[in-house]
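This one's a predicted model, so the numbers in the text were calculated from it and none came from an experiment. Hydrogens, waters and symmetry mates play no part in the numbers below; they use all other heavy atoms, side chains included.
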Amino acid sequence: MKKLVFATNNAHKLEEIRAILGDEIEILSLKDIHCDADIPETADTLEGNAALKAEYVYRNYGMDCFADDTGLEVEALGGAPGVYSARYAGSSHDSEANMKKLLAELNGVTNRKAQFRTAICLIEKGEKHLFEGIVKGAIIEARRGNSGFGYDPVFVPEGYAETFAEMGNDEKNKISHRARAVQQLCAYLNRP
């Protein structure tokens, strides 16, 4: 079975990716390869951050790997929080604080259009490949639901009445931005 390192310490992301990929590929985490480095995400784009993480693992561990970066892009905020989504309310990566800040900034704003975008960088045999997944939707005025993570309680995808946090992981994993990017990654990995 093919093994790939997913350059993350985020247990939620790891669980989500493993659920999306199923048994086709063995996914190792940074912990599995004994990498406890805090890989810097200093790029100003999602693609740049994904590449930094994948390059770090490939360079230091010599293993095929992929990394992702995801951002919530809100139209009325000029695409913010974007690449700063995880640390929107500060460096502590506090999802509750991030949501509160976002809802406060959108208070009274009628244009609630937003999209989640995931960029994945795969490094396989030294070659770099980029994949992208986008899901459009809107930010609601108050949080709803208890599953998922990050901004899931305030994001309703287009064509749905429920937030990502109300859907449950099975349904979310079929339509999410990460699922769409991972499907492209899978199609690439499973090519003849």
Side-chain angles (χ1 to χ4, degrees), residues 1-73 82-83 85-86 93 115-137 147-152 155 157-160 164-165 167-192:
M1 179 186 290
K2 186 177 191 79
K3 287 185 182 183
L4 269 180
V5 176
F6 179 23
T8 189
N9 283 314
N10 184 319
H12 294 292
K13 282 186 182 182
L14 191 61
E15 184 181 316
E16 196 171 86
I17 290 281
R18 284 179 172 154
I20 293 165
L21 283 175
D23 298 330
E24 299 172 39
I25 297 166
E26 184 180 354
I27 301 298
L28 303 173
S29 68
L30 291 175
K31 186 178 178 183
D32 293 330
I33 63 167
H34 309 291
C35 173
D36 55 8
D38 188 13
I39 304 168
E41 296 181 48
T42 53
D44 56 5
T45 64
L46 299 174
E47 293 82 1
N49 278 339
L52 284 173
K53 292 185 279 189
E55 288 163 356
Y56 180 91
V57 171
Y58 191 81
R59 185 174 59 250
N60 290 286
Y61 294 85
M63 300 177 77
D64 288 348
C65 61
F66 68 96
D68 79 324
D69 199 19
T70 294
L72 174 67
E73 299 169 339
V83 73
S85 293
H93 295 250
Q115 66 180 20
F116 268 120
R117 189 165 68 87
T118 293
I120 292 178
C121 177
L122 166 71
I123 299 181
E124 184 185 43
K125 298 182 183 97
E127 288 186 24
K128 193 185 303 182
H129 306 275
L130 290 171
F131 308 94
E132 180 184 72
I134 294 174
V135 64
K136 295 184 179 298
S147 70
F149 61 100
Y151 296 92
D152 287 356
F155 182 82
E158 262 179 20
Y160 291 82
F164 270 167
M167 285 183 178
N169 291 335
D170 288 346
E171 190 171 358
K172 177 191 168 191
N173 287 348
K174 290 177 189 164
I175 64 162
S176 78
H177 44 292
R178 190 167 290 109
R180 291 174 181 182
V182 170
Q183 285 158 4
Q184 292 175 36
L185 171 68
C186 285
Y188 174 79
L189 292 171
N190 293 327
R191 71 200 184 284

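- Scanning all heavy atoms of the two residues, the minimum distance from E26 to L28 falls at OE2-CD2, 3.6 Å.
- Closest non-hydrogen pair, A181 versus G133, comes out as CB-N, 3.6 Å.
- Between the CD1 atom of I175 and the NE2 atom of H177 there is a distance of 10.0 Å, given to the nearest 0.5 Å.
- Counting heavy atoms of neighbouring residues, nucleotides and ligands inside a 6.0 Å radius, atom NZ of K13 exceeds 12 of them.
- Annotation: side chain of T118 is not in contact with side chain of D69 (no heavy-atom distance under 4.5 Å).
- A donor-acceptor contact shorter than 3.5 Å is absent between the side chain of Y151 and the backbone of L72.
- Interatomic distance, L14 CG to R18 CZ, rounded to the nearest 0.5 Å: 4.0 Å.
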request  = Go through the steps to decide whether E55 and K128 satisfy the test salt bridge (charged side-chain N to carboxylate O under 4.0 Å, His left out), and finish with yes or no.
outcome  = CA-CA 9 Å; E55 288 163 356; K128 193 185 303 182; 2.4 Å; yes

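- The shortest non-hydrogen separation linking E124 to Y188 is OE1-CE2, 3.4 Å.
- For NZ of K2, the number of neighbouring non-hydrogen atoms (other residues, nucleotides, ligands) closer than 6.0 Å is greater than 12.
- Atom CZ of residue F131 and atom SG of residue C186 lie 9.5 Å apart, to the nearest 0.5 angstrom.
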ask   = So R117 and E47, salt bridge (charged side-chain N to carboxylate O under 4.0 Å, His left out) or not? Walk me through it.
value = CA-CA 10 Å; R117 189 165 68 87; E47 293 82 1; 2.6 Å; yes

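- Contact of the Y58 side chain with the M63 side chain is not registered, since no non-hydrogen atoms from C-beta on lie closer than 4.5 Å.
- Using the six-membered ring where Trp is involved, F66 and F6 have ring planes that are parallel, under 30° apart on the 30 and 60° scheme.
- You'll find the side chain of K3 stays beyond 4.5 Å of the side chain of I25, heavy atoms only.
- In terms of heavy-atom proximity, A43 sits nearest to G48 at CB-C, 3.4 Å.
- A donor-acceptor pair under 3.5 Å is absent between the side-chain atoms of N60 and the main chain of V57, judged by distance alone.
- Taking CZ of R178 as the reference point, atom CG of N173 lies at 9.0 Å (rounded to 0.5 Å).
- Side-chain atoms of T70 and L46, non-hydrogen and from C-beta on, never get closer than 4.5 Å to each other.
- With contacts defined as side-chain heavy-atom distances shorter than 4.5 Å, the pair V5/D32 does not qualify.
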Chi angles and distances behind the salt bridge (charged side-chain N to carboxylate O under 4.0 Å, His left out) call for K125, D64 = CA-CA 6 Å; K125 298 182 183 97; D64 288 348; 5.3 Å; no

ask   = Does the side chain to side chain contact (heavy atoms under 4.5 Å, CB included) test come out yes or no for I134 and E73, once each step is laid out?
value = CA-CA 10 Å; I134 294 174; E73 299 169 339; over 6 Å; no

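- I120 has its side chain within reach of V182: a pair of non-hydrogen atoms, C-beta onward, lies under 4.5 Å apart.
- For the atom pair OG (S29) and NE2 (H34), the distance works out to 9.5 Å, reported to the nearest 0.5 Å.
- Taking OH of Y56 as the start and CD of E41 as the end, the distance is 13.5 Å to the nearest 0.5 Å.
- Taking 4.5 Å as the limit, every side-chain heavy atom of N49 sits out of range of all side-chain heavy atoms of T45.
- Minimum interatomic distance between A67 and K53 (heavy atoms only, all atoms of both residues): CB-CB, 3.5 Å.
- Here the shortest heavy-atom pairing between N9 and A37 reads ND2-O, 4.2 Å.
- Residues V135 and S176 have side chains not in contact (no heavy-atom distance under 4.5 Å, counting atoms from C-beta outward).
- Using the six-membered ring where Trp is involved, F164 and F116 have ring planes that are parallel, under 30° apart on the 30 and 60° scheme.
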